[in-house]
Amino acid sequence: MQDRSSSESNDGKTTFTMSPESTLFPVENYDLSSTLASGQAFRWRRVNDGWEGVVRDRWVRLTNAGAGISATIMAATDSGQSSWENLKHYLQLNADLDQIVATFPDDEPIRKAVQAAPGLRLLRQDPWECLASFILSSTKQIVQIQQIVAALCLRFGTPVAVPPGHAPHFAFPSAAQLAVCSETDLRECKMGFRAPYLLETARLVAGANPSLDSLYSLPVDAARLELMKFPGVGRKIADCVLLFAYGFQEAFPVDVWVIKALRDLYFRGRKVPLPRLQKFSRTHFGPNAGYAQQYLFHYMRTKKQKGDTP
DNA sequence: TCAGACCCTCACAG
DNA sequence: ACTGTGAGGGTCT
């Protein structure tokens with residue numbers, strides 16, 4: 001005898017009616033292009049004059065409108081409201097950018113970096129997606145990270161509803177979904193030597209060992225130590241997750257671009273040991289150092305594209 | 001503290 | 001067109 005009493009309801013998946021809903025967020029000084037394409041998140045694609053991606057389990061389209069940000073999501077009839085709240089939180093629409101920038105040191109480099117990308121914001125991402133994405137980021141170009149993440153979502157993520165005529169989209173695969181994969185499965189997403197790191201981390205997270213939610217309530221240094229226990233997660237990736245997912249705005253990820261920015265702009269191009277740079281970043285940039293880091297990162301990258309002057 | 005290894009892909013020479 | 005070469009939001013040993 002088979003017990004099928006609880007499994008007859010359409011594969012256990014409850015289906016809601018999904019339909020696109022739009023709204024206008026009245027927000028000033030929010031530049032979607034520099035924010036969504038600045039290497040903090042890897043799932044946004046420019047489509048025509050807007051940006052399309054997936055936040056949690058929702059397809060989202062965003063465009064900069066005159067009076068703010070125009071947003072369209074696929075909303076379920078019963079939970080549309082919480083989806084909008086999720087999106088607002090993800091975009092950090094309540095952050096007061098002027099106030100944040102006002103806490104930066106009053107020096108020439110950071111002024112120029114802010115001027116180069118006014119309206120660049122920090123997102124507040126899901127910890128697991130952020131952690132997994134940055135494990136995949138080591139010694140990879142941003143374009144390649146996007147490709148790996150896209151392959152991972154396509155292969156292991158749950159499909160999400162999209163408006164008629166749109167290409168399929170997928171949620172970022174959960175830790176549990178990846179934990180049951182083999183290393184070979186993951187390597188087929190072209191992540192190379194990062195595969196065992198991601199797999200082991202997925203298993204630890206799926207087993208809540210530790211639970212990623214528990215890090216919200218820790219001091220930043222303790223949370224960083226927890227993150228660095230995951231294989232493939234060193235200081236830099238831990239700082240990315242602290243900043244982009246947990247909202248520790250003093251976290252200051254130091255990567256090759258930021259090293260170059262600090263050396264060129266603050267140390268006259270001299271070679272400075274990494275620990276010294278980290279100490280400098282902690283003391284110099286203030287309580288929102290992470291925002292400053294993102295401006296410097298974006299500044300160095302876009303400056304290079306416009307023509308190198310060594 | 002310091003190399004070297006680690007997978008793989010893309011851009012760019014030649 | 002084809003092949004060679006270097007480097008890319010690091011981490012581990």
Side-chain angles (χ1 to χ4, degrees), chain A residues 34-44 113 116-117 120-123 125 127 129-152 154-155 181-202 204 224-246 248 251-265 271-279 281 285 289-308 310:
Chain A
S34 55
T35 300
L36 301 179
S38 63
Q40 54 178 316
F42 303 101
R43 299 213 57 198
W44 293 96
L120 170 60
R121 305 279 188 138
L122 287 184
L123 303 168
Q125 302 176 54
E129 176 171 343
C130 190
L131 174 62
S133 297
F134 277 94
I135 286 175
L136 301 175
S137 76
S138 66
T139 52
K140 279 289 184 192
Q141 300 178 36
I142 290 179
V143 175
Q144 295 179 15
I145 303 166
Q146 292 169 337
Q147 290 169 354
I148 297 170
V149 170
L152 195 67
L154 169 62
R155 175 130 189 212
C181 293
S182 69
E183 185 181 320
T184 308
D185 290 335
L186 296 183
R187 277 179 186 264
E188 284 171 9
C189 297
K190 303 174 181 180
M191 65 185 72
F193 63 80
R194 303 155 194 84
Y197 296 152
L198 179 61
L199 180 55
E200 182 57 22
T201 298
L204 291 168
R224 182 186 296 110
L225 285 176
E226 287 301 311
L227 289 170
M228 289 177 68
K229 288 179 183 170
F230 293 114
V233 180
R235 170 69 188 245
K236 188 269 172 180
I237 290 175
D239 278 339
C240 285
V241 179
L242 292 174
L243 181 62
F244 300 141
Y246 288 98
F248 288 102
F252 193 97
V254 178
D255 58 43
V256 289
W257 289 102
V258 173
I259 288 173
K260 184 164 169 46
L262 295 179
R263 280 181 183 165
D264 289 359
L265 303 176
K271 267 189 133 181
V272 183
L274 186 58
R276 173 109 189 268
L277 289 180
Q278 285 168 340
K279 185 178 180 188
S281 69
F285 292 107
Y291 269 88
Q293 179 271 358
Q294 199 63 15
Y295 281 102
L296 292 172
F297 176 76
H298 187 271
Y299 181 55
M300 295 307 285
R301 288 190 68 234
T302 53
K303 205 169 60 141
K304 191 199 169 201
Q305 286 176 358
K306 287 182 183 174
D308 237 6

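Quick caveat, the model's predicted, so the values are computed rather than measured.
- Nearest heavy atom pair, residue A:Ser38 against residue A:Phe297, reads O-CE2, 3.3 Å.
- Of the possible polar contacts, one joining the A:Arg194 side chain to the A:Ser138 backbone as a donor-acceptor pair under 3.5 Å is found.
- Between the CD1 atom of A:Ile145 and the CE atom of A:Met191 there is a distance of 12.5 Å, given to the nearest 0.5 Å.
- In this structure, A:Tyr246 and A:Phe248 have tilted ring planes: the angle between them lies in the 30° to 60° band.
- Each of A:Val233 and A:Val258 lies near DNA chain C, and the nucleotide nearest A:Val258 is the one positioned closer to the 5' end.
- Between C:dT3 and B:dC7, the distance separating the two P atoms is 25 Å to the nearest Å.
- Among all heavy-atom pairs drawn from A:Ala289 and A:Phe252, the shortest one is O-CD1, 3.3 Å.
- The NZ atom of A:Lys229 sits 18 Å away from the C1' atom of C:dT11 (whole-angstrom rounding).
- Put simply, NZ on A:Lys260 is 15 Å from C1' on C:dA7, counting in whole angstrom units.
- The distance between the ring centers of A:Phe42 and A:Phe134 falls below 6.0 angstrom.
- Across C:dT11 and B:dT9, the matching P atoms stand 22 Å from one another, rounded to whole Å.
- Among all heavy-atom pairs drawn from A:Val241 and A:Cys130, the shortest one is CA-SG, 3.9 Å.
- Taking atom CG of A:Leu136 as the reference point, atom C1' of C:dT11 lies 13 Å away to the nearest angstrom.
- The separation between A:Leu198 atom CG and C:dT11 atom P is 15 Å, rounded to whole Å.
- The nearest whole Å value for the distance from the CH2 atom in A:Trp257 to the C1' atom in C:dG10 is 16 Å.
- Between the C1' atoms of B:dC2 and C:dG9, the separation comes to 22 Å (whole Å).
- Under 3.5 Å, the side chains of A:Ser281 and A:Gln293 contain no donor-acceptor pair of N or O atoms.
- Here the side chains of A:Leu296 and A:Leu262 are in contact, with some heavy-atom distance below 4.5 Å.
- At a threshold of 4.0 angstrom between heavy atoms, the contacts of A:Gly234 are confined to the sugar-phosphate backbone, with no base atom among them.
- Here the P atom of nucleotide C:dT11 and the CZ atom of A:Arg224 are 12 Å apart, to the nearest Å.
- Around atom CZ of A:Arg276, no more than 12 heavy atoms belonging to other residues, nucleotides or ligands sit under 6.0 Å away.
- Shown here, C:dG8 forms a base pair with B:dC8; the pair counts as Watson-Crick or G-U wobble because both key distances fall under 3.5 Å.
- Taking atom P on both nucleotides, B:dA5 is separated from C:dG6 by 14 Å, rounded to a whole Å.
- Distance CG (A:Leu131) to C1' (C:dT11): 14 Å, rounded to an integer number of Å.
- When rounded to the nearest whole Å, the span between CD of A:Glu200 and P of C:dC12 equals 12 Å.
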Annotated protein contacts, base or backbone, on nucleotides 6-11 of chain B with a non-hydrogen cut-off under 4.0 Å, one of B, S, - each
BBBBS-
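- If A:Gln40 and A:Gly232 are placed on DNA chain C by their nearest nucleotide, the residue sitting closer to the 5' end is A:Gln40.
- Within residues 290-298 of chain A, the residues approaching DNA chain C are A:Gln293, A:Gln294, A:Phe297, by heavy-atom distance under 4.0 Å.
- Counting any heavy atom pair closer than 4.0 Å across all strands shown, A:Ser38 reaches a base atom.
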